[in-house]
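The chains referred to below are lettered A, B, ... by the order of the sequence lines, with proteins before strands, and numbering in each begins at 1.
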Amino acid sequence: MYYVELLISGLASGATYALFAVGLTMVYGTFRFINFAHGELIAWGAYGLLLFMLPPLSLSFAAALAPALALSAIIALGTERIAFRPLRKKAAVTILIASIGASYVLRSALQLAFGGDLKSYPVAFEGTVDLMGVRVTHVQIAMVAAAAASFAALHWLLRKTRIGKYMRAFANNPDLAAIYGLPLAAVRIAVWVLGAGLAALGGVLVGLDSNLDPFMGLSGLIKAFAAVLIGGPGNVFGALIGGLLIGTAENLSTAVISPGYKDFIAFAIIFLLLLFRPQGLFAGRTGVR
Amino acid sequence: MDYLLHIAIMAVIFMVFAASLNLQLGVSGLYNFGQVAFFAIGAYASAILSTGGAPIGLSMLAAIVVAALAGLLISVPLLRMRGDYFGIASLAFAEMIRLLALNERWATGGPMGIPAIPRPEWLGMAPTSLVQFLVIAAALAALALAGLGVLQRAPFGRTLKLIREDENVAMAFARDVKAFKRRAMCVSAAAAGLAGALWAHYLTYISPNDFTVQTTILLLLCLVLGGKGTIAGPILGAGLVMVIQEALRFLPLAPELGRLVAPIQGIVFGAVLVLLMIRRPQGLIGEMRE
Amino acid sequence: MLEARNITKTFGGLTAVDDVSFALADTPITGLIGPNGSGKSTLFHCLSGFYGADRGELSLAGTPLTGLAPHKISALGIARTFQFARVLPFMSVRDNLLAVAPGQSGERLRSVFFAPRAVRRQERALQGQADAILEFLRLDPLSGTPAGHLSYGQQKLLEIGRLLIARPKVVLLDEPSAGVNPALIKQILKSIKELSRQGLQFFIIEHNMSVISQLCSRVLVMDAGRLIFEGSLAQAQKSQRVIEAYLGTGTHAAYS
Amino acid sequence: MLLTVENLTAGYGARPVIRDISLDVGVGEIVAVIGPNGAGKSTVLRAIAGEIAPTKGRIVFDGREISGRSCAENTADGLIFVPQGRNVFDQMSLRENLELGGHQIADNRQLKERIERVLDIHPWMRARQHGAVHALSGGQRQRLALARIDLLDPALVLLDEPSLGLAPDAVGEIFSGIRAMGDRGVSVLLVEQNAAMALAISVRGYVLEQGENRLTGKGGELAADPRVQRLYLGG
């Protein structure tokens, strides 16, 4: 039973890693750079919810969720406009450094607004369900459900809607997309808003599960990055599998090694994948899929 | 007076640290975002040895050697990657080192860190004053900076720049690109190890919290602000950043305002980094460019 | 001297170089021509080690080169240029030459610190050489200018200067005249001829037939990855096979 | 004239690639631009299409000056550019490629009808419409790229090296396809490496060398002109 519980909590955190990874992998697939500030969108989503739940607004959890996700999306669009768009013709490393700077700004702003100590939401979701003798928390169920719903919606969007096809087209062949005159502005907004919204949703779920910590973005970014590498940069559904794999690997590892090394797993995965299969475990083509 | 000395010592240490990164990021085009790992390795090596009773001079020498070896070792996998992938992998490496420091309590003291690291004695008389430490640190730093400067101006540095600008041309003219990069990483790691050792002996206490991504970002700012690829750039950048950072600590502010200093400084530093990338990627002192 | 046997290179399903064999033998300057996409540049990449050939052997004066890394092939005496000029734009014109000079002791860490005088002496000698080369190329007034400020043609000329200081045995030149104005083409041709008199052997990809006719006593013609012709340019111009490679065949259902 | 180009000069950065190129394409005409490597043929097309900005000269399409207009604007006006090389979305399905090719048709139902029409013209496409494009042969991909013409009914098509890298059979099919376009009244400006084929289906040809127009003439006459061969091979 112990291992099953580890597996389930691993899948639950893996589901949030997958949500974190969507934006990172879509931005890489479409605009070809690693957004180091992506983690701060996770943290701002989590703290944004707190902001709307605390006085003076004092919204309910349900009512605060949408504005919290929107806040993250606005921050994402703002960083894109201010820090990344002026650099779009520069080397990927230049944009990476700019995104490192942007992450410092966003994290510091978070600390300025909320302080450096741990926080938690003024509501508690502490219930558990007994599934054939295995204890599963409500939050864990919410994590898996949110990820499942999000990826189903993403699948529909990317495959069936015009904007989704435009997104995939830009990731596949940006030159041809420009010759066809596909709407770059709309694609850019869609990529950033979707990525930030899902990252923020993941952040909220992590916040419900544990605490809000100003450095949660950084650790989320690392998990997301590992998930992206497993799935192959640009591959949205690869990132889902990547996230789930990392979550379960991390949790199961605590059965054999010191829990202090839980985070080590993600780093080791990043390192080994960059070394041996930078194109990801699943196929090698680029593009948002 | 003491806080001026403190600022000076921190600046001197970071000058070496920034110059060490410059040999990779500036001169060789290796975007190492994990340089703090070598800083940490130097600090821990010297701290462990000296608290274990080894003479400080010997501990620091050993720290430099250990850091250089670590550089050599990690260069093997890292140099198989390019550009932003190299950057992320090096960052992952640094975080792995930090986790090791956090978890291997028997050697590093875990999260509690290593306290009571001795300061060097001054001509046999302990304890050393700040002035004396500054003299020692400045002398060692001057030596390291001069060494790095000489390398950069020598044909060695010119070849690194050739590789940075066009690896294919370098290969077409018989340069073993990987071997040159490996040497650059090794030397750079050694210098970072020296900076880390100095830092450990100055602060007399280290813990894994000192070696996070925050330090990496600060270092990156020093280098990019001053001007990567130049000799004076990292010295100027580290001087400026450390003076601002350390001086702010001594602002006579009420505690509720004092709490705001660090995040505001973070916002400013981060914004400067972004602005530099957009407006002046060559930094204050630019290399000769088109 | 340079000899290639059965060189083959494929990408996915496409065979870019198909079983190519030749020897540069005694001709000082050999031309490599053929229509777009016929595999000339890919062949150059194989000869210089930038691509590992799937099949075939390479040797230089009997020394096998097959499978060697580019820098090793270069160290054995084969230098190359690339299709577009690739100077180091931020370095001075003179430093562009110094940076590629072979056998510099100052590239070794030990010498930099423990034999600084020998390093300096060698550096001074190289500087003398570089200045002489720049004078020969008539680039001496621009010696201190960043190479990025040079015109495209001057950059191509500077690439020839790099070959001069590197002193290889064989040079692979990829389109030396492309994008260069007529006056500078003359200067480039003159330099190539002078170098060839000094014993350097050239293998040149070039689309400008007047350049080929002025330089090359022999041409190799490629089409669709294969070597289809070997001989003088005049013979090539009469070869039906070569003409078809360049102009296509009009004998198809499309207009019948 | 449907398209008139006068004294077009264009290039990349400071380096001009083509100088003073003038040419015409009449309604329903197939016109070829040929010349050896590095002559600047593709640059002519890219400048007309709006991919690069000309430094000098006039481009008049359908009675109005179009220099400086973007590719997308020209597409909307009935001038389509089919670039060489990677001219399909190879990670997407064939049908999705058609949908993207017709994205300017805002009405989904109308777009669907147009796609149906294309699939009627090319039955092999119907069979493979949901398959990924990277599984298609080079010739099939090229025909898919050209299917955008059936989709949008343009007045003029700019074709850049449609035969590049194709097997001989596929080249034949592509050229019959282009000829069929001309028969339907679509005008074509064709840049081709395979000069003999291109001239065989063109009413007029322009021969470029070193960025300049060296020869102009009727398709059939140029094909037999020994000067063309000299421009390619010297002598």
Item to complete: Would you sort out whether B/Asn103 and A/Phe264 count as a side chain to side chain contact (heavy atoms under 4.5 Å, CB included), showing the intermediate values?
Response: CA-CA 11 Å; B/Asn103 286 285; A/Phe264 208 83; over 6 Å; no

Item to complete: Would you please test B/Leu99 and A/Phe267 for side chain to side chain contact (heavy atoms under 4.5 Å, CB included) and show each step?
Response: CA-CA 10 Å; B/Leu99 283 174; A/Phe267 291 120; 3.7 Å; yes

Discussion item. Which one wins on heavy-atom pair count under 4.5 Å against chain B: A/Asp263, A/Leu110, A/Ile97, A/Ile270?
Written reply: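 Sorted descending by pairs with chain B, the first entry is A/Ile97.
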
Worksheet entry | Winner by heavy-atom pair count (cut-off under 4.5 Å) against chain B, out of A/Gly101, A/Ser108, A/Ala113 | A/Ser108

Looking at every heavy atom in both [X] and [Y], which two are closest together, and how far apart are they?
X        : Y        : value
B/Tyr85  : A/Pro233 : OH-CG, 3.2 Å
A/Ala268 : B/Met96  : CA-CE, 4.1 Å
A/Leu274 : B/Ala89  : CD1-CB, 3.3 Å
B/Ala92  : A/Phe271 : CB-CD1, 4.4 Å
A/Ala83  : B/Val274 : CB-CG1, 3.6 Å
B/Pro77  : A/Leu275 : O-CD1, 3.2 Å

Which bit of [X] comes within less than 4.5 Å of chain B, counting heavy atoms only: side chain, backbone, both or neither?
X        : answer
A/Ser258 : side chain
A/Leu96  : side chain
A/Ile95  : neither

For [X], is it the side chain, the backbone, both, or neither that has a heavy atom closer than 4.5 Å to a heavy atom of chain A?
X        : result
B/Phe86  : neither
B/Leu25  : neither
B/Leu91  : side chain
B/Pro281 : neither
B/Met81  : side chain
B/Leu220 : side chain

Discussion item. If you define the side chain from C-beta out and look only at heavy atoms, does anything of B/Met277 sit under 4.5 Å from A/Phe84?
Written reply: no

Side chains of residues 33-42 of chain A: which donor-acceptor pairs under 3.5 Å do they make with residues two or more places apart or in other chains?
{"from": "A/Asn35", "atom 1": "OD1", "to": "A/Ala37", "atom 2": "N", "distance (Å)": "3.0"}
{"from": "A/His38", "atom 1": "NE2", "to": "A/Phe20", "atom 2": "O", "distance (Å)": "2.6"}
{"from": "A/Glu40", "atom 1": "OE2", "to": "A/Arg107", "atom 2": "NH1", "distance (Å)": "3.1"}

Worksheet item: Is the number of heavy atoms from other residues, nucleotides or ligands within 6.0 Å of CZ (B/Arg280) greater than 12?
Response: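 Yes.
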
Practice prompt. Ignoring hydrogens and angles, tell me if any N or O in the side chain of B/Asp84 forms a donor-acceptor pair with the backbone of A/Ala92 under 3.5 Å.
Written response: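 Judged by distance alone, no pair lies under 3.5 Å.
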
Practice prompt. Rounded to the nearest 0.5 Å, what's the gap from CD1 on B/Ile267 to OH on A/Tyr104? Could you check?
Written response: 10.5 Å

